[in-house]
*Asks:* 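Sharing a structure, written as structure tokens. Questions coming.
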Amino acid sequence: MKSCRFLPQLNNEIPNHRNSTYKKRFSSLENLVLIMFEHDTVLIPKETSWFGYYPDGAFEPILPAQQTQLYIEDWIGLKTLDDAGKVKYVKVAGNHLQISSSDMRKHVVPYLAGNASADGSSVDVESMALPDLQDDASSIFTFEGSSSYKWPATIKSFFAELLGLAIDEPSIGP
């Protein structure tokens with residue numbers, strides 16, 4: 001934890017500095033889709049995409065999320081969401097953040113806003129026109145390189161608010 005400032009705060013790991021607002025907001029999600037990439041070379045171990053990790057002080061075995069302190073003590077609300085059946089654990093082919101159009105349609109699109117009918121039931125996304133998601137299963141969506149990737153302002157603002165951080169946005173105008 002000493003060499004990493006962001007993840008301990010994000011995971012609510014700092015014992016006397018746990019953010020109850022962060023846990024409240026995270027556990028209020030309608031659904032949480034956690035996607036593990038089978039050939040991930042960025043997340044080590046790849047099971048961290050499902051909040052799995054090594055036991056303290058060891059590099060084996062890899063513990064599933066349900067056996068970690070983060071989950072057991074419900075630091076971020078993951079256990080709350082999981083107990084309510086709101087966590088979807090998905091495994092797809094590919095490397096980190098590469099996802100085929102068909103996997104995107106199958107595992108992500110059904111949970112996006114606007115894909116539910118007025119009565120709360122799910123809409124058949126396969127019959128929807130999705131111009132951004134090509135039919136070719138080999139079409140891959142990739143966020144290149146991480147540190148050079150610029151997140152859209154709305155996403156940056158969302159996470160900043162979630163974590164209680166201030167983000168300096170460039171001013172608009174002369």
Side-chain angles (χ1 to χ4, degrees), residues 1-111 137-152 155-167:
M1 262 198 314
K2 290 180 183 179
S3 64
C4 182
R5 294 183 356 220
F6 179 69
L7 282 178
Q9 182 178 357
L10 184 63
N11 289 336
N12 248 350
E13 292 180 56
I14 306 167
N16 294 321
H17 294 89
R18 298 223 166 99
N19 186 334
S20 61
T21 301
Y22 175 55
K23 178 181 176 178
K24 178 181 174 185
R25 289 178 179 167
F26 190 81
S27 61
S28 73
L29 292 171
E30 291 180 31
N31 288 288
L32 175 63
V33 180
L34 300 175
I35 301 175
M36 181 190 326
F37 295 88
E38 291 178 350
H39 306 290
D40 201 322
T41 58
V42 175
L43 296 180
I44 299 173
K46 66 183 178 198
E47 290 80 5
T48 60
S49 59
W50 289 354
F51 288 94
Y53 204 63
Y54 303 113
D56 285 343
F59 290 105
E60 57 182 54
I62 299 169
L63 299 175
Q66 295 79 2
Q67 294 178 16
T68 65
Q69 289 306 113
L70 175 142
Y71 186 94
I72 294 166
E73 296 177 12
D74 207 18
W75 297 344
I76 61 172
L78 180 61
K79 183 179 185 324
T80 300
L81 284 171
D82 203 16
D83 287 348
K86 296 180 178 182
V87 180
K88 314 309 183 236
Y89 297 92
V90 176
K91 185 188 289 187
V92 298
N95 199 346
H96 190 69
L97 296 182
Q98 294 179 336
I99 188 164
S100 70
S101 298
S102 61
D103 282 340
M104 181 72 88
R105 274 195 299 277
K106 180 178 179 183
H107 301 297
V108 177
V109 172
Y111 299 102
S138 66
S139 180
I140 302 289
F141 297 92
T142 306
F143 295 104
E144 294 293 336
S146 72
S147 64
S148 64
Y149 179 78
K150 294 197 180 247
W151 290 94
I155 294 174
K156 285 174 33 178
S157 297
F158 169 76
F159 282 109
E161 182 183 359
L162 195 64
L163 294 171
L165 303 173
I167 291 183

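Side-chain atoms are counted along with the backbone in the values below, which use heavy atoms only and exclude waters and symmetry mates.
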*Asks:* Indicate yes or no for a side-chain donor-acceptor contact from K46 to the backbone of M36 under 3.5 Å, with no hydrogens or angles considered.
*Replies:* no
*Asks:* Tell me every residue that passes side chain to side chain donor-acceptor pair (under 3.5 Å) with T68, counting only those two or more places apart in sequence or in another chain.
*Replies:* none
*Asks:* Can you tell me how far apart CG (L78) and NZ (K23) are? Round to the nearest 0.5 Å.
*Replies:* 10.5 Å
*Asks:* With sequence neighbours left out, write down each residue that passes side chain to side chain contact (heavy atoms under 4.5 Å, CB included) with H39, or none if nothing qualifies.
*Replies:* none
*Asks:* Given side chains that start at C-beta, do those of F26 and L81 come closer than 4.5 Å, heavy atoms only?
*Replies:* yes
*Asks:* Please indicate whether E38 has more than 12 foreign heavy atoms, meaning atoms of other residues, nucleotides or ligands, lying under 6.0 Å from its CD.
*Replies:* yes
*Asks:* Working to the nearest 0.5 angstrom, can you tell me the gap between M104 CE and K106 NZ?
*Replies:* 14.5 Å
*Asks:* What's the spacing between H107 NE2 and S102 OG if we round to 0.5 Å?
*Replies:* 8.0 Å
*Asks:* Scan residues 82-95 for pairs that pass side chain to side chain donor-acceptor pair (under 3.5 Å), counting only residues two or more places apart or in two chains.
*Replies:* N31-K88, T41-N95, Q66-D82, Q66-Y89, Y71-D82, K79-D83, D82-Y89
*Asks:* CG/D103 to CD/Q98 distance, rounded to the nearest 0.5 angstrom?
*Replies:* 12.0 Å
*Asks:* Which residue pairs pass the side chain to side chain donor-acceptor pair (under 3.5 Å) test when at least one of the two sits in residues 47-59, sequence neighbours left out?
*Replies:* none
*Asks:* Step by step, would you call F37 with L43 a side-chain contact (heavy atoms from CB on, under 4.5 Å)?
*Replies:* CA-CA 9 Å; F37 295 88; L43 296 180; over 6 Å; no
*Asks:* Can you see which heavy atom on L63 is nearest to which on Q67, and at what distance?
*Replies:* CD2-OE1, 3.4 Å
*Asks:* Please tell me if the side chains of V42 and L97 come closer than 4.5 Å, counting only heavy atoms from C-beta onward.
*Replies:* no
*Asks:* Suppose we screen for side chain to side chain donor-acceptor pair (under 3.5 Å). Which residues come up paired with E73, at least two apart in sequence or across chains?
*Replies:* Q69, W75
*Asks:* Determine the minimum heavy-atom distance between P55 and P61, stating which atoms define it.
*Replies:* CD-O, 2.9 Å
